[in-house]
Protein chains: 2
Amino acid sequence: MSIEVIFGKVLRNIREDKKLSQEQLAHLSELDRTYISLLERGKRRPTINTLIALCKPLGLKPSEFLGEIEKELY
Amino acid sequence: MSIEVIFGKVLRNIREDKKLSQEQLAHLSELDRTYISLLERGKRRPTINTLIALCKPLGLKPSEFLGEIEKELY
DNA sequence: CTGTGACTCTAAGTCCGTA
DNA sequence: ATACGGACTTAGAGTCACA
């Protein structure tokens, strides 16, 4: 599975765990609502800056987020 | 300090620890030599795909790489 | 071996909307 | 609340010649 699809699945899992809507996460991370949707569906490859912006309101470290992705990669 | 500048410093540190030239790392990660240079000077914000491509030949996990960045951020 | 400017092309990311 | 599409602006991907 591609990196971006795995990224999207991890993002969705974490977001739903935190009981946040895409709209709420978009507002908190200062990103667009439709862009969060694109990311979760594996349609975009975020920059590390975007990753860090997303992690802040989700309450976990970027390294922890990537750790989740690595579980699927290797 | 901006994320991309920190990223560049971390990348350079790790690369030099591994005794690799930019040219060697470029070849191993299948990226362009001048692009490595841009990254190390903080002129680009890499996607997570680029980060993962760089980590493979450097022999560390992307999450470990981001851990180094977090040390400077927080 | 590396920095840099210039360049093209592609994708990131936004904003409007509809269902 | 989310998926999806179109149109759009900005910035990264990727390369080259030259210092």
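Below, read A as the first sequence line, B as the second, and so on, with proteins coming before strands; counting in each chain starts at 1.
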Those residues at least two apart in sequence (or on a different chain) that pass ring pair (Phe, Tyr, Trp, His ring centres under 6.0 Å) with A:F65 are A:F7
message = Applying a 4.0 Å non-hydrogen cut-off, can you work out what A:Q22 is touching in the nucleic acid: base, sugar-phosphate, or nothing?
response = sugar-phosphate
What pairs with [X] under side-chain hydrogen bond (donor to acceptor under 3.5 Å, both in side chains), at least two apart in sequence or on another chain?
X     : value
B:S63 : A:E70
B:N13 : none
B:S37 : B:R41

Residue pairs passing the salt bridge (charged side-chain N to carboxylate O under 4.0 Å, His left out) test with at least one member in residues 1-30 of chain A, sequence neighbours excluded, are A:E4-A:R45, A:R12-A:E40, A:R15-A:E40
Measure from [atom1] on [X] to [atom2] on [N] and round the result to the nearest Å.
X     : N      : atom1 : atom2 : result
A:H27 : C:dT14 : NE2   : P     : 13 Å
B:E40 : C:dT4  : CD    : P     : 12 Å
B:K43 : C:dA6  : NZ    : C1'   : 15 Å

Correct closest heavy-atom pair for A:C55 and A:P62 would be SG-CA, 3.6 Å
Numerically ordered, the residues 10-20 of chain B set in heavy-atom contact under 4.0 Å with DNA chain D is none
side-chain contact (heavy atoms from CB on, under 4.5 Å) filter on B:T50, not counting sequence neighbours, yields B:L31, B:Y35, B:L39, B:P46, B:T47, B:L54
Sorted by chain and number, sequence neighbours left out, side-chain contact (heavy atoms from CB on, under 4.5 Å) with A:A26 holds for A:R33, A:I36
Protein heavy-atom contacts under 4.0 Å, written 5' to 3' over nucleotides 13-19 of chain D as B (base), S (sugar-phosphate only) or - (none), form the string BBBBB--
key: Below 4.0 Å: OP1/OP2 of D:dT2 and any side-chain N or O of A:S37   = no
Return no unless some side-chain N or O of B:Q24 is found under 4.0 Å from OP1 or OP2 of C:dC1.
-> no
